[in-house]
2 protein chains.
Amino acid sequence: MINGIRNVDPAIQEAVRQAIATTGYVPNRAARSLVTRRTGAVALVLSGAGDDSAPSPILADPFFGRVVSGIISFLRPRGIHPVLMFAESDASRAEVVSYLRQGDADGALLVSTHAADPLPAQLVEAGVPAVLFARPARPVPISYVDVDHRAGAALAADRLVELGRRRVATICGPLDVPAAQARLAGFQDAMARHGHAFVPYSEGGFTYDSGEQAMERLLDGHPDLDGVFVANDLMAQGALHALRHHGRSVPGDVAVIGFDDSSAATACRPLLTTIRHPVEDMAAEMGRLLLEHVHEPGRAPTSVIFEPALIMRASA
Amino acid sequence: MINGIRNVDPAIQEAVRQAIATTGYVPNRAARSLVTRRTGAVALVLSGAGDDSAPSPILADPFFGRVVSGIISFLRPRGIHPVLMFAESDASRAEVVSYLRQGDADGALLVSTHAADPLPAQLVEAGVPAVLFARPARPVPISYVDVDHRAGAALAADRLVELGRRRVATICGPLDVPAAQARLAGFQDAMARHGHAFVPYSEGGFTYDSGEQAMERLLDGHPDLDGVFVANDLMAQGALHALRHHGRSVPGDVAVIGFDDSSAATACRPLLTTIRHPVEDMAAEMGRLLLEHVHEPGRAPTSVIFEPALIMRASA
DNA sequence: TTGAAAGCGCTAACAG
DNA sequence: CTGTTAGCGCTTTCAA
């Protein structure tokens, strides 16, 4: 009755509501959860390398906030709350699995920063409903959302060609992560379609510094380059600095395109033209998929791929 | 017995352990929580302005990740997990309060980005154990941790004077937030002690763009300035850009000191000299204080103030 | 010392 | 349709 299901005398209903309001009654969720076998919580687990004492650098990345934001926007209206967890070591991974098995949360949303993360497989094995942020490096029967990295990279290639750039290079991410591979391959393929068979590249680690250094290397080997696609905005920011340092104007001498449309893209000058990674929408979709699995345990894994978009600003 | 409290025949203990290991038994926390009246969860609430649909911009700030990191490092070894919540509107604040009263979490860690946030007072009224990240703008009998903003600003002033800078200005944060006020006042006082009675200042909003604009205004009114203290690193990054744009070298023409020692401080060139805000340590201390209140309900509010430190890099 | 039993606050299945 | 009752899985108290 307290849930307003049965039809009761309206006067009584009102009286009860009054009582509730004055008493400040609130149902106890532990008790409810004990019988319904649902907690109204999902684990948001950040899984990466590194050790447990110093949680992964993903926290320093504005990307993390966007994921959280998207997840919350979907979960909150449904009365579900995310519980934050890290899984950087075997011990903490085991803890996460046991937490989920204890029924402390109804499922897991997993953002993995490391290529060969064993957690997805462990979650599947434990029979825990789970959804990943990106396609797992090794095939695992699990749901995930992802962005079409190749298509995004192709957008960048098209733009560079449209601008008439002919000596184009790229700074890619760590090649053991699938997303970095896909962005590089997508860019190379698209440039090939435009008649550029060979595209020099330099590998970075998705950080500001690594972007700066990769740009230095590129400039070393190809001082005449006039366009560069950088696999994320943070590295692009670093690349911008290296270009300025070497007297190149952007976009005059060299056009630069980033990837992500993160806050870094507007925290540099010139403002960065970039490929929008719809992180918030993707995170919300993770929530949706997870609830599907929670409510329908047998459900087969699904993947949802999002389309990126070119965001034109000043750098290209 | 399963908790290993009573002394049982070791052989039996071993047998049970075996059984547990093979069966994969895990205790159910909802059931335990029902009787112990403890959940093993605390709410991490981000409270700010803005509307619920687009969670606060604090998420885009690397500061958020540092807070989370510090909190987790303290909570995890104790088997406690943070539940993420936003409170941007009256409705969501009410939801947070009711969540806590439902006993869904043992207490709240509150990071407020807005000056006159009513949530701290509401939490106190509801009798919920809570700890704030910074001193509340309006006095509320509640525990909090903070950094000595005045002392940090004084460190910056001392450094600028030590460098022989004589035409010094400052970019402060929004003056309705106590921390911004304290940094400004601390800087002015310290400069006064060094014989500089008047320090021009320009107000920003703690964002990159606002820092850039504030620097423009300062340069407009005081083209000969040779040192500037900026109330956070993000604004300092923007200020750096404005200075470069106006042909000033850093630190040659103008020395720049930021505040926070956030990731922005190393994602700009020259590397930013700044005041270290020990966010992670403070966040961990919040956890400690909260557990104290949880275990000892009557406890009087406490505050813990941390000392900032000057981090010397290239900009000053 | 060890085992049995009584709830914690709720939901769901059950009679009335 | 409405009121009653039996657990959910644990901890804690109380007998044995």
Side-chain angles (χ1 to χ4, degrees), chain A residues 1-43 78-81 83 95-107 126-129 291 294-297, chain B residues 1-43 78-81 83 95-107 126-129 291 294-297:
Chain A
M1 292 135 280
I2 217 150
N3 307 314
I5 298 173
R6 301 210 184 166
N7 37 350
V8 195
D9 182 332
I12 308 235
Q13 276 193 3
E14 185 48 33
V16 171
R17 203 199 324 289
Q18 284 286 343
I20 290 177
T22 58
T23 318
Y25 170 84
V26 279
N28 176 311
R29 217 193 294 209
R32 168 180 296 171
S33 160
L34 187 56
V35 43
T36 60
R37 261 83 230 312
R38 283 272 151 69
T39 62
V42 300
R78 289 162 183 78
I80 299 186
H81 301 275
V83 176
E95 198 192 297
V96 167
V97 172
S98 114
Y99 183 85
L100 268 332
R101 296 204 4 170
Q102 276 187 319
D104 255 341
D106 299 332
V128 172
L291 293 198
V294 167
H295 292 122
E296 197 182 321
Chain B
M1 292 136 279
I2 217 149
N3 306 314
I5 297 172
R6 302 213 182 162
N7 37 349
V8 195
D9 181 333
I12 307 239
Q13 277 194 2
E14 184 49 32
V16 172
R17 201 199 326 290
Q18 284 285 342
I20 290 177
T22 59
T23 318
Y25 170 84
V26 279
N28 176 311
R29 215 191 300 208
R32 168 179 295 170
S33 158
L34 186 56
V35 43
T36 59
R37 263 80 229 315
R38 283 269 151 69
T39 62
V42 300
R78 290 161 183 78
I80 299 185
H81 301 274
V83 175
E95 199 190 298
V96 168
V97 172
S98 114
Y99 183 86
L100 267 331
R101 296 201 7 169
Q102 276 188 319
D104 256 341
D106 299 332
V128 171
L291 293 198
V294 167
H295 292 121
E296 198 182 320

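Computed from heavy atoms alone, side chains included, the values below leave out hydrogens, waters and symmetry copies. Computed from a predicted structure; not experimentally measured. Every chain is numbered from 1, with letters handed out A, B, ... down the list of sequences.
- Whole-Å rounding puts the B/Asp104 CG to C/dG9 C1' distance at 13 Å.
- To the nearest 0.5 Å, the span separating CZ on A/Arg38 from NE2 on A/His295 amounts to 4.5 Å.
- The structure places OG1 of A/Thr39 at 10.5 Å from NE2 of A/His81, a figure rounded to the nearest 0.5 Å.
- Closest approach to the A/Leu34 side chain among C/dA12, D/dG9, D/dT11 is made by D/dG9 (side chain taken as heavy atoms from C-beta onward).
- The side chain of B/Arg37 contributes no N or O atom lying less than 4.0 Å from OP1 or OP2 of D/dT11.
- Between A/Arg29 and C/dG9 there is no side-chain polar atom (N or O) within less than 4.0 angstrom of OP1 or OP2.
- A distance of 9.0 Å separates CG in B/Asp104 from OG in A/Ser33, rounded to the nearest 0.5 Å.
- For A/Arg38 and C/dC10, the CZ to C1' distance is 16 Å, given to the nearest whole Å.
- B/Asn28 places its CG atom 6 Å from the P atom of D/dC10, with the value rounded to the nearest Å.
- The only option from A/Asp106, A/Val294, A/Val42 that meets the side-chain contact (heavy atoms from CB on, under 4.5 Å) definition with A/Ile80 turns out to be A/Val42.
- Distance from the side chain of B/Arg32 is smallest for D/dT11 among the nucleotides D/dT11, C/dT11, C/dC8.
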